[in-house]
There are 2 protein chains.
Amino acid sequence: MELLEREGDIEKATNALKAMAHPLRLKILCALKGDELPVLEIVEQVGSSQSNISQHIEILRTKNIIESRREGNRILCKVKDAKILKLVANMQAVFCSGN
Amino acid sequence: MELLEREGDIEKATNALKAMAHPLRLKILCALKGDELPVLEIVEQVGSSQSNISQHIEILRTKNIIESRREGNRILCKVKDAKILKLVANMQAVFCSGN
DNA sequence: TCATAATATAGTTATTTCCTTATATAAGTT
DNA sequence: AACTTATATAAGGAAATAACTATATTATGA
């Protein structure tokens, strides 16, 4: 539990950070905090166009952060990487509590 | 302590995330975790050119994440925003402990 | 005052990111 | 089969990032 100085750890960490470092993607991850949601539901909760959200979801998929499965008409998304859930929770603790 | 859904919180959070979402900047922040360090010391610990590190330090300064003071010849830098220290600590916990 | 050490800034270029519009695919319904 | 709903993809351009080289600034020491 010591250093964040192995190159591999730095890379994993910055990958996760880059994934979260965009307002729409952060909102997507917040929306998926607990639930598994269809894309259109994410579009409505988060705002912005269907195409734009779909592309951000694709980015998160590529980075192995969310996964999705088809259910009939729709695609259900959920957070795959538990580390990300911890980070999102931490972001909330840091940026939403006191001030 | 509930939602990360106020637009202002989202913006603050993504600013912090963007600041950390680069390997050199993350390393800089790790190096400054506890200490106040002169720029050249950061250059040596982190690697890359003096100019490059100086520019990344400037980015962190602009984003109000680190601050610096002159001491004779040198400029000493330290992390200004306590929230960032928490986030860095959390990154370590998440990416360096078990696996 | 000249040389050196520490840091910052300018100018340039390559790459990446982000968004938009338009279109494609896949499943469900009539 | 035609229509609709849900989602993905392609193509384009604008803007942001990142790195490099070279040069400027500031302080110290001879």
Side-chain angles (χ1 to χ4, degrees), chain A residues 7 10-32 35-80, chain B residues 7 10-32 35-80:
Chain A
E7 206 52 48
I10 291 282
E11 200 191 311
K12 285 179 205 158
T14 52
N15 273 348
L17 289 168
K18 279 181 200 164
M20 297 192 300
H22 184 284
L24 292 179
R25 288 198 296 273
L26 184 56
K27 286 182 190 176
I28 291 171
L29 293 171
C30 288
L32 293 177
D35 313 311
E36 185 182 39
L37 295 177
V39 175
L40 196 58
E41 176 68 27
I42 298 173
V43 170
E44 278 157 14
Q45 280 193 35
V46 166
S48 185
S49 70
Q50 179 270 320
S51 170
N52 194 12
I53 295 296
S54 179
Q55 286 175 77
H56 282 294
I57 286 175
E58 176 58 21
I59 289 169
L60 293 171
R61 231 179 332 238
T62 297
K63 290 176 182 278
N64 254 284
I65 285 169
I66 71 177
E67 64 188 341
S68 47
R69 65 189 175 92
R70 163 152 257 142
E71 194 178 77
N73 217 0
R74 302 174 309 169
I75 304 277
L76 300 178
C77 302
K78 70 175 178 189
V79 175
K80 178 183 189 178
Chain B
E7 205 52 48
I10 291 283
E11 200 191 312
K12 284 179 206 158
T14 53
N15 273 349
L17 289 167
K18 279 181 200 165
M20 297 192 300
H22 183 284
L24 293 179
R25 288 198 297 272
L26 184 55
K27 286 183 190 175
I28 291 171
L29 293 170
C30 289
L32 293 177
D35 311 312
E36 185 182 39
L37 295 178
V39 175
L40 195 58
E41 176 68 27
I42 297 173
V43 170
E44 278 157 15
Q45 281 193 36
V46 166
S48 185
S49 70
Q50 179 270 320
S51 171
N52 194 11
I53 296 295
S54 180
Q55 285 174 83
H56 281 295
I57 286 175
E58 177 59 20
I59 289 169
L60 293 170
R61 230 177 337 235
T62 298
K63 291 179 182 275
N64 253 284
I65 285 169
I66 71 176
E67 63 187 344
S68 47
R69 64 190 175 91
R70 165 151 255 143
E71 194 177 79
N73 220 357
R74 305 173 307 167
I75 305 275
L76 300 179
C77 302
K78 72 174 176 187
V79 176
K80 178 184 189 179

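The figures here come from the full heavy-atom set of this structure, side chains too, leaving out hydrogens, waters and symmetry mates.
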Closest approach to the side chain of B/S54, judged atom by atom: which nucleotide of C/dC18, C/dT9, D/dT7 is it?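 Among the listed nucleotides, the one closest to the side chain of B/S54 is C/dT9.
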Given atom CZ of A/R74 and atom C1' of C/dG28, what is their separation to the nearest angstrom?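 One finds 12 Å between C1' of C/dG28 and CZ of A/R74, rounded.
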Gap between atoms CG and C1', on B/N52 and C/dT7 respectively (whole Å):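 Atom-to-atom, B/N52 to C/dT7, this comes out as 14 Å.
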What's the CD1-C1' distance between A/I59 and C/dC18, to the nearest Å?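 Answer to the nearest Å: 8 Å.
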Counting only side-chain nitrogens and oxygens, does A/R61 get under 4.0 Å of the OP1 or OP2 atom of D/dA8?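 True: A/R61 side-chain N/O within range (under 4.0 Å) of D/dA8 OP1/OP2.
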Nearest-Å distance for atom pair CG/P, residues A/N73 and C/dT30: 13 Å
Between the SG atom in B/C77 and the CD1 atom in B/I65, the distance rounded to the nearest 0.5 Å is 13.0 Å
May I ask you to verify if any side-chain N or O of B/H56 is less than 4.0 angstrom from the OP1 or OP2 atom of D/dA19?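 Yes, because at least one side-chain N or O of B/H56 sits under 4.0 Å from OP1 or OP2 of D/dA19.
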Polar pair under 3.5 Å, donor/acceptor by atom type, side chain A/Q50, base D/dA8: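 Pair found.
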Just to be sure I understand the rule, does A/S48 reach a base, reach only the sugar-phosphate, or reach nothing, if contact means heavy atoms closer than 4.0 Å? nothing
Side-chain donor-acceptor pair under 3.5 Å between A/E58 and A/S54, yes or no? no
In whole angstroms, how far is the P atom of D/dA18 from the CD1 atom of B/I28?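 Distance, rounded to whole Å: 11 Å.
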Of the listed nucleotides (D/dT7, C/dT7, C/dT20), which one gets closest to any side-chain atom of B/L40? C/dT7
Is the backbone N or O of B/I10 less than 3.5 Å from a side-chain atom of B/T14, with the two atoms forming a donor-acceptor pair by type? yes
Going by modelled atom types, is there a donor-acceptor pair between the base of D/dT7 and the side chain of A/S51 at under 3.5 Å?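 Side chain to base: no pair present.
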Measuring only between side-chain heavy atoms, which start at C-beta, is B/R74 closer than 4.5 Å to B/L40? no
CD1 of B/I53 versus P of D/dA18: gap in Å, rounded?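 Checked: the CD1 to P distance equals 13 Å.
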Side-chain donor/acceptor contact of A/Q55 with base of C/dT20 under 3.5 Å: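 Yes.
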Of A/K18 and A/C77, whose closest DNA chain D nucleotide lies nearer the 5' terminus?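 Comparing both residues, the 5'-ward one is A/C77.
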Of C/dA27, D/dT7, D/dA19, the nucleotide closest to the side chain of A/P38 is D/dT7
Between P of D/dT5 and CG of A/L76, the distance in whole Å: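 About 19 Å, once rounded to whole Å.
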Any salt bridge between B/R69 and B/E71, counting N to O under 4.0 Å? yes
Can you figure out which of D/dT7, D/dA19, D/dT26 approaches the side chain of B/H22 most closely? D/dA19
Starting at atom CG of A/L37, determine the distance to atom C1' of D/dA6, rounded to an integer number of angstrom.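 Spelled out: CG on A/L37 to C1' on D/dA6 is 15 Å.
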